[in-house]
Amino acid sequence: MELCLGMIVLCFVFGYGDCRSHRDRSPDDPYSSTVCGYESCPKGTPGQINVHLISHTHDDVGWLKTIDQYYYGAKSDIQIAGVQYILDSVVDALLDDPSRRFIYVETAFFWKWWLQQDDLMHHTVHRLVKEGRLEFISGAWSMNDEAVCHYSSIIENFAWGLRKLNDTFGACGRPKIGWQIDPFGHSREQAALFAMLGFDGLFLGRIDYQDIEKRRKTKTMEMIWEGSDSLGKMSDIFTGILPNVYWPPSTFCFDLLCNDPPIMDDPRLEDYNVVERVATFMEVVNNQSLQYKTDNLIITMGNDFNYQNAHVWFKNLDKLIKYVNAKQTNGSKINLFYSTPSCYLNALHQANASWPTKDDDFFPYASGEHTVWSGYYTSRPALKRMEREASAFLLTCKQIDALAQLGPADQHEVSALRDAVSVAQHHDAVTGTERQHVADDYALRLDRGVKECQETVVDGINRISNVTKPLQFEFCDLLNISICSITENSKEVALVLWNPLSRTLNHYVQLPVVDGDYDITGPGGTKIPFQITPLPKHTLLLPGRLSNATHEILFRAKLPPLGYTAYNLKKLAKGGVSLAGHTSILRKRASGFADDDFVIKNEFLALTFDQSSGSLKYLTNLETNTTISISQTFAYYVGSVGNNTKEPLRASGAYIFRPNCTGAGPDCSRPLEGNGTYEIVKGPLVQEVRQYICAWVSQVIRLHATSKKVHFEWQVGPIPVG
């Protein structure tokens, strides 16, 4: 089935309901209590520096270990991290002291844990959420990347997580704050999405090292981020830069994974350290107060997979709060207390300060002179493509599920792909910065999710079609390498094409076939013109490609909005009559052959190519008679080698793009060397220039007969490494 990627915009409106009980409850009822939201926030002391301590954990939804390995705590030889123990331990620690607070972010992990809890634990967590002591922040299924994710997939990620929280906890489970503390740079569009999703504020962890240094000096760590020129104020959102990424101050990590000293408060001990610990922390606070505008400060007390034994953290934080606040009797103006990002934002709002504005991105992100985090823009390109295709298919799956009114019976299949696509948005997933076995796990989840949703699509099409006997469907999942067993091996096949857009779509369909004579009919038996073209040689030579197809058949399909059309493809006996267009490979030249330029064109566009090299030179709009020059080159970079012990020795890798410029061009690139052959393919429906740059790089420039667009399709690999 040929599926077209559509675009979808969703708007979510959340109400600010009252979380208090609407009927009298006994004091022992876990649902009784108090109030959530801003009304539950601790009150600072006027005239003092009020320090909001944020107890939190950052739980990557896959990175060095898979999501399941992280949840269960497996593979401790890779990393000591078990999310189930964090949530178990945090709930127990919160019950020990009503002043304690904790925030949780990754709904994918929370939901896995929630489904394993008994009714008593459900009631306990409901109570903590209603009292504002356990607060959900951000609420997406995973903490998404902001550079390589498509905006529709980001919305899906939030919709899936927020739905779980809303259905389970109501208004008290609705996050008010965006928490993008670990993505490698930040986009203006993400800020606009947070604003339009109804969030009140946003906090970031990583911005460029030069930018943050300037902001610290000018007290501009907090601002109003203007998300969109066209949307105006509805896309504006308060944004704060955290003081220390998302880590605790130096020497104040109290987790079992850390080596910092605990607070040893027995004065009889040789290692008694309360005086030093208090003085050091007060110095941290005083220094930070010089970087922010108000008397309210935020300090994060947590790190990656912290709080697996929450009592260790909270016991030391209790002591830190006690002994620092005791200094107020001697004139100290520092006031520590447990808080949350939303309570900190509420305190800033009450301070009635004015804020600077920002109207661009926090890209690219650099953490040092030679450490620019732009390598992940292209890391693991195959996984990036797989995520995009799965996300597009999820849109189709949800549409057909809704239109066919399949109901709960197919929700498991849809949920499987929603889960996989949302997990893939994680900032160590689609970015390609994860370990290989974790990338394999992401790909497996996407593949399984797609196959589950294919069952929903089949059920839905059968119901929409009102057929008496369910039809059997096969999906062409490998069209990117020109493989589709059913079109290659069947004498006759019905093609069902779905249009996910809300408008009629005229779409060129390409399918792999074996050489021969064919016939295509559309609705009502209408004969459809088509073109058969030999496959490019670089496709035929792909390693691991097991296919009988030697050609591709192309036709123009007309698809109704949010609907499908069926076409019939039939292989004829040799010499059969059809509307096949004739294809000719006009020329095949080697680099260096001098002659006039050549042109391919339709009624809208003309493309001019250099005869000697086959490279594109000009693009002409025939409707306006305007021409622009185009120069395209193919080059590669050699990565710098280093041991990462200091900035000059920073190595290039999955995160960092740092090319070795020795012996390279001005932009550090190195041109590909090859014979530069090309082919010109002409037919009634499509014309192509197939450029063979070298043994492992090729490109097809394609112009369809009725299109105002030019298609560029390139293939890289297998790359000769070594």
query = Partners of Lys164 by salt bridge (charged side-chain N to carboxylate O under 4.0 Å, His left out), sequence neighbours excluded?
reply = none

message = I'd like to know if Glu679 and Lys537 make a salt bridge, using a cut-off of under 4.0 Å between side-chain N and carboxylate O.
response = no

message = Please check if the number of heavy atoms outside Asn625 that lie under 6.0 Å from its CG is greater than 12.
response = no

ask   = Does a side-chain N-to-carboxylate-O contact under 4.0 Å join Glu688 and Lys682?
value = no

Hey, can you pull the donor-acceptor pairs under 3.5 Å for the side chains in residues 442-450, sequence neighbours left out?
from: Tyr442; atom 1: OH; to: Val61; atom 2: O; distance (Å): 2.7
from: Tyr442; atom 1: OH; to: Gly62; atom 2: O; distance (Å): 3.2
from: Arg445; atom 1: NE; to: Asp441; atom 2: OD2; distance (Å): 2.9
from: Arg445; atom 1: NH2; to: Asp68; atom 2: OD1; distance (Å): 3.3
from: Arg445; atom 1: NH2; to: Asp68; atom 2: OD2; distance (Å): 2.9
from: Asp447; atom 1: OD1; to: Lys451; atom 2: NZ; distance (Å): 2.9
from: Asp447; atom 1: OD2; to: Lys451; atom 2: NZ; distance (Å): 3.3

Nearest-0.5 Å distance, CG of residue Leu572 to CG of residue Asp519 = 5.5 Å

query = Considering residues at least two apart in sequence or located in another chain, which fulfil the disulfide (SG to SG under 2.5 Å) criterion with Cys453?
reply = Cys397

task = For Tyr655 and Asp428, run side chain to side chain donor-acceptor pair (under 3.5 Å): C-alpha distance rounded to whole Å, both residues' side-chain angles, the deciding distance at 0.1 Å, then the answer.
result = CA-CA 10 Å; Tyr655 292 95; Asp428 278 309; 3.0 Å; yes

remark   = Glu713 meets the salt bridge (charged side-chain N to carboxylate O under 4.0 Å, His left out) criterion, sequence neighbours left out, with Arg702

key: Check: Tyr678 ring centre within less than 6.0 Å of Phe609 ring centre   = no

inquiry  = Tell me every residue that passes ring pair (Phe, Tyr, Trp, His ring centres under 6.0 Å) with Tyr637, counting only those two or more places apart in sequence or in another chain.
reply    = Phe657

Val686, Thr706, Leu685 screened by side-chain contact (heavy atoms from CB on, under 4.5 Å) with Arg556, the one that passes = Thr706

key: Leu541 atom CG, over 12 foreign heavy atoms within 6.0 Å   = yes

message = Pair Gln687, Asn602 - check side chain to side chain donor-acceptor pair (under 3.5 Å), show working.
response = CA-CA 9 Å; Gln687 301 172 72; Asn602 60 18; over 6 Å; no

Proximity of Tyr508 and Phe530 rings by center, below 6.0 Å = no

query = Does His538 have its ring centroid less than 6.0 Å away from the ring centroid of Tyr692?
reply = yes

key: Salt-bridge criterion met for Glu156 and Lys398 (N-O under 4.0 Å)   = yes

ask   = Would you call the rings of Trp373 and Phe184 parallel, tilted or perpendicular, where under 30° means parallel and over 60° means perpendicular?
value = tilted

query = Among all residues two or more places apart in sequence or in another chain, which pass the salt bridge (charged side-chain N to carboxylate O under 4.0 Å, His left out) test with Glu387?
reply = none

request  = Specify whether Phe555 and Tyr567 have parallel, tilted or perpendicular ring planes, treating 30° as the upper limit for parallel and 60° as the lower limit for perpendicular.
outcome  = tilted

ask   = Does a sphere of radius 6.0 Å around CH2 in Trp714 hold more than 12 heavy atoms from other residues, nucleotides or ligands, not counting ones at 6.0 Å or beyond?
value = no

key: Note: Lys571-Asp517 ion pair, threshold 4.0 Å (strictly below)   = no

inquiry  = Can you tell me if Gln472 has over 12 outside heavy atoms packed within less than 6.0 Å of its CD?
reply    = no

